[in-house]
Amino acid sequence: QVVESCVAAAGYSVGEFAALVFAGALGFAEALYAVKVRAEAMQKASEAVPSGMLSVIGRREANYRFACLEARKHCESLGIESPVCAVSNYLFPDSRVIAGHLQALQFLQENARRYHFARTKLLPVSGAFHTRLMEPAVEPLAEVLQSIEIQKPLLCVYSNVNGKKYMHPEHVRKLLVKQVVSPVLWEQTMHSVYQRKQGTEFPYTYEVGPGGQLGAALKKCNLKAWQQYSHVDALEEEQEADT
């Protein structure tokens, strides 16, 4: 009943492929193949440059753009050409992920107080995803997306790139490729999904998959929408069925 009455879907980063499969835009096998090509290409891009991602909880006065600019200048002083350091994920108010050269991220950690960062943590990932350091992965993904059939989504699916709805198959192809080198606008997407006239009830929300991180982000973005939130862990259900 929930599936049949669903009005919108969104997926975080690679989860966007799952949202598009759910909405009938992509076939499961084709999407899986595209995800495999994407992952291998991004891994290859990661190996080319020592880079990573830094989770940041900032205070109200935190200026992420200025911090990234200073981190890039620091990298230039070390002799790094065209350094990368930019916000790669907008999670919820006061929470960002910054990605780029490892030297830039280390500089931000060492100078966290100067930029009003309350907490920083290097993420256990191999590269600076959703930045221009992933440009080598663009062409392989574009090629595979051209080779598979894509339909217009049967329900609203929101893009990480701009927080807006996908409109047609070419739109899906274009933005899935752009997503690899663009920040994930998750906070902005949540505002788009839950935009309602005053007094209108919020829909039920289900997070499908391991962990409840997206629910935690929703709580920070929209407390009223979060009150109708549930988490569905497919693995838990399977384990219960087995026992």
Side-chain angles (χ1 to χ4, degrees), residues 1-39 42 89-91 130 137-138 140-197 200-215 217-218 221-222 224-238 241:
Q1 188 185 355
V2 166
V3 170
E4 286 172 2
S5 59
C6 185
V7 293
Y12 185 91
S13 189
V14 72
E16 200 158 284
F17 285 84
L20 287 161
V21 169
F22 175 76
L26 290 172
F28 178 74
E30 289 88 345
L32 211 54
Y33 177 58
V35 165
K36 178 179 182 287
V37 170
R38 177 185 184 272
M42 288 172 78
N89 304 71
Y90 292 81
L91 298 170
H130 303 291
V138 164
L141 180 59
E143 282 178 11
V144 75
L145 289 173
Q146 283 298 333
S147 72
I148 63 178
E149 193 177 351
I150 300 178
Q151 307 286 342
K152 183 180 177 181
L154 298 171
L155 53 97
C156 296
V157 180
Y158 290 80
S159 166
N160 288 181
V161 171
N162 56 18
K164 296 177 181 176
K165 299 169 194 172
Y166 281 110
M167 304 307 291
H168 49 77
E170 276 311 309
H171 202 211
V172 172
R173 283 192 178 92
K174 181 182 172 187
L175 292 185
L176 280 180
V177 170
K178 196 174 179 185
Q179 190 228 57
V180 172
V181 290
S182 302
V184 173
L185 304 186
W186 192 254
E187 182 184 341
Q188 296 86 331
T189 298
M190 292 298 92
H191 293 319
S192 296
V193 170
Y194 296 102
Q195 200 168 22
R196 294 284 183 281
K197 288 180 183 173
T200 308
E201 276 193 31
F202 285 101
Y204 286 95
T205 298
Y206 297 89
E207 179 176 358
V208 183
Q213 294 93 332
L214 299 184
L218 177 59
C221 289
N222 192 321
K224 284 186 177 178
W226 176 79
Q227 286 165 353
Q228 305 269 52
Y229 159 89
S230 300
H231 175 242
V232 181
D233 190 331
L235 290 176
E236 273 178 23
E237 307 247 328
E238 283 175 18

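These numbers come from a predicted model, not from an experiment. We're numbering straight along the sequence, starting at 1.
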Taking all atoms of both residues into account, what is the closest heavy-atom pair of [X] and [Y], and its distance?
X	Y	value
Thr189	Ala10	CG2-CB, 4.2 Å
Gly163	Ser192	O-OG, 2.8 Å
Leu175	Ser159	CD1-OG, 3.6 Å
Ala34	Leu141	O-CD1, 3.9 Å
Cys221	Glu187	SG-CG, 3.8 Å
Ala23	Leu155	CB-CG, 4.0 Å

[atom1]-[atom2] distance between [X] and [Y], expressed to the nearest 0.5 angstrom:
X	Y	atom1	atom2	result
Glu170	Gln146	CD	CD	5.5 Å
Ile150	Leu20	CD1	CG	8.0 Å
Leu185	Leu91	CG	CG	11.0 Å
Gln179	Phe17	CD	CZ	6.5 Å
Met167	Lys174	CE	NZ	13.0 Å
His130	Asn160	NE2	CG	6.5 Å

Item to complete: Kindly say whether Gly215 contributes a backbone atom to a donor-acceptor pair with the side chain of Glu207 at under 3.5 angstrom?
Response: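 Indeed, once roles are kept as given, a pair shorter than 3.5 Å links the two residues.
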Worksheet item: Is there a donor-acceptor pair under 3.5 Å between the side chain of Ser182 and the backbone N or O of Val161?
Response: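 No; zero donor-acceptor contacts below 3.5 Å.
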With a 4.5 Å cut-off on side-chain heavy atoms, are [Y] and [X] touching?
X	Y	answer
Val2	Tyr204	no
Val208	Phe22	no
Val144	Ser147	yes
Leu214	Trp186	yes
Met42	Val180	yes

Practice prompt. Return the orientation label for the Trp226 and Tyr229 ring planes: parallel under 30°, perpendicular over 60°, tilted otherwise.
Written response: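 Aromatic pair Trp226/Tyr229 classed parallel.
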Worksheet item: Under 3.5 Å, is there a donor-acceptor pair linking the side chains of Gln188 and Tyr90?
Response: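 Note: Gln188 and Tyr90 side chains miss the donor-acceptor criterion.
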Discussion item. Could you check whether Gln228 and Tyr194, counting side-chain N and O atoms only, form a donor-acceptor pair closer than 3.5 Å?
Written reply: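 Distance-only check fails for Tyr194 and Gln228.
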